[in-house]
*Asks:* 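Let me begin by handing over the structure; questions about it come next.
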Amino acid sequence: MCGIFGIIFAERPRRPLGEILRRGLERLEYRGYDSAGVAVVDRGLVVKKDAGKVAEVAQRYGFDSLQGVVGLAHTRWATHGKPDQVNAHPHVDCRGVIAVVHNGIIEKYAELKEELMKRGHVFRSETDTEVIAHLVEEYKKQGLDTFSAFKKALSRVRGAYAIALIDAENPRAIYFARNLSPLIIGVGEGFNIVASDIPTVLDHTKRVIAVRDGEYGYITAGEVYIEADGVPQDVAARIEEIPWSAEMATKGGYPHFMLKEIYEQPESLASTAAGLEPAQIETVANALLAARNVYIVGAGTSYHAGLTLAFILPRLRITPIPVISSEYAIYEDLYDKDDLAIAISQSGETIDTIKAVKAMRERGVKVVAVTNVVGSTLSRESDVVLYTRAGPEIGVAATKTFTTQVLTLAAVYLTALRALGHDVAEHQRELKAVPDLARKTIEKTAGTAKELAKRLRQRHSAYYLGRGAALPVAMEGALKLKEVAYLHAEAYPAGESKHGPIALVEEGFPVIFVFSDPNTGEKTLSNVAEMKARGALTIGTVPARSDYAKKLDVAIEVPQTSELFAPILHVIPLQMLAYFTAVERGYDPDKPRNLAKTVTVE
């Protein structure tokens, strides 16, 4: 995930400005990145940036010797354009007087870029960010001051973003804006800061203001000015004193990366939704409908995400073939040029998935990649790439990976449904609401998951049961409990549980049901009754205000939505249950034994 740090002083600080910016970049490193850069105003705009680690880039370009009173710093995690010197932030306008850094996605930036190029603007990078610098330049040319030009530029952009901008022709301010991507103001004495998160400013101040969605403004060394819809905001009343320690700050204030990333899911889902390109999704949907066979390929969590699509495709009269990546050879003799494969991998480097894709392409199968990493091997080996834009995931246990993959696959399904003549307007509205529903799910279920973990900590095994489209969610829940809490957990189709697994059930045995599929809920209740009759502790994720809760010992209610998006919401309390159980058992969920974040060996 990208990171922003910008600071402005009333007079030259005791330490060189470049050194202060470099330290800010180091505070941003935990977010993950692939390039870094700074911009300062010192007798003109000076920009230094490149791909690589902060320490390497800072030493290569002499960050610590840069002087001035105002500067921006940025860590970039590539989305538009590969990670290299040209695409690293900050980006500048044609004259090299305006510098901008940006987190998030600018939707339809290509149209703005084309418009600006027709007006004579010269672009240097492949990024969506650069259009902001040229838009501000364009409006300044029309006679507006920098802040007015910045506001007019904001009126032209859509998407999820946090932006900071400096202008060497007006160097006494840093301009900023936020829509979905986090941004805060650090309030100091004789200086002010704009940053992506609180940990980044704690070296300088503990007084912060959280910038709200839709707000924009500027900071000077002695002023914080914020507007919303043209109305100035009362910022003094919003200053908060932060009590965090430096140790807590290394994980953004969370005790573990896994918990932090669970809480990041609303933002990741919003970024993924904003980054979906309709034309590309339509291409995939049409290929899906035209294919002879549809293989859905993945490993671990990515395989489970793929199953959420595989389990609903038959409703489009498509027979999918789910393939665990390492078992791709089972169908090798079937692969044909009229087939389609949807290959899913967070890193895009999962060796089993890459080998499966290569084997398929050799036989003419068209491959669609769903991955989180621009320029990864999987993206290069595929005909079409759908990026999930979840941001970096440092925790080994994939959390936001699963939910953003499911969202992307659901978008493909919706587009195919529409191509068949169905009205999908209601589903489209649901898609836009998913990030907010995920936030509500986190808020409402965290407490229950934490209390439930105290009851699971002494257990040795658990079952996760679901029917239909709920089964992949149950599988993912069981996987998470195994990965980080080291509890034996098995997922089964609920109807299959009486064909063997029920023999292990005894008093207090935890059985966790998933009710994300409304078509199978009533049947699943019969399995609840069977387990309760044998003394099981029955737990379930259920839609809010449903009667299912009354049949369970512990019900975890999640907001109601359609079966298409329900896996995203129902998996969240299962992620938290695994996390809190690991903590209760004294394990570090960020470092599960024997596991690697990216599996690059067969």
Side-chain angles (χ1 to χ4, degrees), residues 1-5 24-33 75 77 103 162 178 180-184 186 195-203 205-206 208 210-211 240-271 301 346 372 390-404 435-436 438-454 457 480-481 483-485 568 571-592 595 597:
M1 187 180 298
C2 305
I4 291 172
F5 177 75
L25 288 172
E26 290 170 348
R27 278 291 194 186
L28 294 167
E29 282 189 288
Y30 80 93
R31 299 166 66 88
Y33 66 101
T75 50
W77 189 81
N103 297 350
R178 174 195 167 158
L180 294 177
S181 292
L183 200 66
I184 61 111
S196 293
D197 53 27
I198 292 168
T200 313
V201 308
L202 291 179
D203 288 339
T205 182
K206 291 188 175 183
V208 304
V211 181
E240 295 181 70
E241 192 82 21
I242 303 300
W244 292 356
S245 68
E247 195 279 330
M248 292 169 69
T250 58
K251 294 183 176 67
Y254 291 91
H256 297 97
F257 283 113
M258 182 178 176
L259 186 63
K260 171 178 169 288
E261 287 159 3
I262 289 171
Y263 273 78
E264 283 178 349
Q265 289 180 107
E267 181 191 340
S268 299
L269 288 161
S271 294
T301 289
Q346 187 279 139
N372 195 34
E393 194 171 57
I394 299 168
V396 172
T399 50
K400 54 184 181 177
T401 286
F402 179 83
T403 50
T404 54
D436 189 50
R439 180 183 56 76
K440 290 176 179 173
T441 302
I442 292 168
E443 292 172 353
K444 290 183 177 180
T445 64
T448 305
K450 192 171 185 177
E451 287 302 311
L452 196 51
K454 296 174 182 174
R457 65 186 298 270
K480 285 291 156 284
L481 194 69
E483 284 181 322
V484 300
I568 295 171
V571 83
I572 288 173
L574 301 184
Q575 294 170 345
M576 288 194 288
L577 182 60
Y579 169 79
F580 286 120
T581 303
V583 173
E584 283 288 333
R585 288 166 62 83
Y587 300 122
D588 182 349
D590 285 344
K591 298 174 182 174
L595 297 182
K597 185 64 183 170

*Asks:* Just by modelled atom types, is the Thr399 backbone N or O under 3.5 Å from a matching donor or acceptor in the Gln575 side chain?
*Replies:* yes
*Asks:* Please report the shortest heavy-atom distance between Thr200 and Gly24, naming the atom on each side.
*Replies:*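 Between these two residues, the closest heavy atoms are CG2-O, 3.7 Å.
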*Asks:* Applying side chain to side chain donor-acceptor pair (under 3.5 Å) to Thr403 and Gln265, what does each step give before you reach the verdict?
*Replies:* CA-CA 8 Å; Thr403 50; Gln265 289 180 107; 2.9 Å; yes
*Asks:* Nearest 0.5 Å please: distance from the NZ atom of Lys260 over to the OH atom of Tyr579.
*Replies:*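 Atom-to-atom, Lys260:NZ and Tyr579:OH are 12.5 Å apart.
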*Asks:* Could you pull out all residues at least two apart from Ile442 that satisfy side-chain contact (heavy atoms from CB on, under 4.5 Å)?
*Replies:*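 Testing Ile442 for side-chain contact (heavy atoms from CB on, under 4.5 Å), a comparison that skips the adjacent residues, returns Tyr263, Pro266, Ile572.
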*Asks:* Please report the shortest heavy-atom distance between Ser196 and Ile184, naming the atom on each side.
*Replies:*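 Answer, listing the atom of Ser196 first, then Ile184: C-CG1, 4.5 Å.
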*Asks:* Could you list the residues that satisfy side-chain contact (heavy atoms from CB on, under 4.5 Å) with Asp588, not counting sequence neighbours?
*Replies:* His256, Asp590, Lys591
*Asks:* Would you name the heavy atoms of Thr404 and Thr401 that are closest together and state the gap between them?
*Replies:* OG1-O, 3.2 Å
*Asks:* Which atom names give the shortest non-hydrogen contact between Pro573 and Ala449, and what distance separates them?
*Replies:*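 Between these two residues, the closest heavy atoms are O-CB, 4.1 Å.
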*Asks:* Apply salt bridge (charged side-chain N to carboxylate O under 4.0 Å, His left out) to Glu451 and list each qualifying residue two or more places apart in sequence or on a separate chain.
*Replies:* Lys454
*Asks:* From Met576 CE over to Thr445 OG1, what is the distance, rounded to the nearest 0.5 angstrom?
*Replies:* 3.0 Å
*Asks:* For atom CD of Glu240, decide whether the heavy atoms of other residues, nucleotides or ligands shown that lie under 6.0 angstrom number more than 12.
*Replies:*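 For Glu240, atom CD is not crowded (no more than 12 foreign heavy atoms under 6.0 Å).
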*Asks:* Can you tell me how far the CZ atom of Arg178 sits from the CG atom of Asn103, to the nearest 0.5 Å?
*Replies:*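 Arg178 atom CZ to Asn103 atom CG measures 11.0 Å (nearest 0.5 Å).
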*Asks:* Got Asp203 and Arg27 here, is their nearest side-chain heavy-atom distance under 4.5 Å?
*Replies:*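 Yes. Closest side-chain heavy atoms under 4.5 Å.
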*Asks:* Check Ser268 against Ala390 and note the closest heavy-atom contact, atom names and distance.
*Replies:* OG-O, 3.0 Å
*Asks:* Name all residues meeting the ring-ring contact (aromatic ring centres under 6.0 Å, His included) criterion together with Phe402; count only those two or more places apart in sequence or in a different chain, and write none if there are none.
*Replies:* none
*Asks:* In a check of salt bridge (charged side-chain N to carboxylate O under 4.0 Å, His left out) between Lys400 and each of Glu264, Glu267, Glu261, which one passes?
*Replies:* Glu264
*Asks:* Between Ala453 and Leu577, which heavy-atom pair has the shortest distance, and what is it?
*Replies:*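 Between these two residues, the closest heavy atoms are N-CD1, 4.0 Å.
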*Asks:* Is there a side chain to side chain contact (heavy atoms under 4.5 Å, CB included) between Asp197 and Leu28 once you walk through the steps?
*Replies:* CA-CA 8 Å; Asp197 53 27; Leu28 294 167; 4.3 Å; yes
*Asks:* Decide side chain to side chain contact (heavy atoms under 4.5 Å, CB included) for Lys480 and Val484; before the verdict, give the C-alpha distance in whole Å, the side-chain angles of both, and the deciding distance to 0.1 Å.
*Replies:* CA-CA 6 Å; Lys480 285 291 156 284; Val484 300; 5.5 Å; no
*Asks:* Could you pull out all residues at least two apart from Pro435 that satisfy side-chain contact (heavy atoms from CB on, under 4.5 Å)?
*Replies:* Leu269, Ala270
*Asks:* Please test Glu483 against Val396 for side chain to side chain contact (heavy atoms under 4.5 Å, CB included), starting from the C-alpha separation and ending with a verdict.
*Replies:* CA-CA 9 Å; Glu483 284 181 322; Val396 172; 5.9 Å; no
*Asks:* So, taking the atom named CG in Leu259 and the one named CZ in Phe580, what distance separates them when rounded to the nearest 0.5 Å?
*Replies:*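 The CG atom of Leu259 sits 5.5 Å away from the CZ atom of Phe580.
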*Asks:* Identify, with sequence neighbours excluded, every residue that meets side-chain contact (heavy atoms from CB on, under 4.5 Å) alongside Lys440.
*Replies:* Asp436, Pro559
*Asks:* Please confirm whether the backbone N or O of Arg457 pairs with a side-chain atom of Arg585, one donor and one acceptor, at under 3.5 Å?
*Replies:*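 Such a contact is found between Arg585 side chain and Arg457 backbone.
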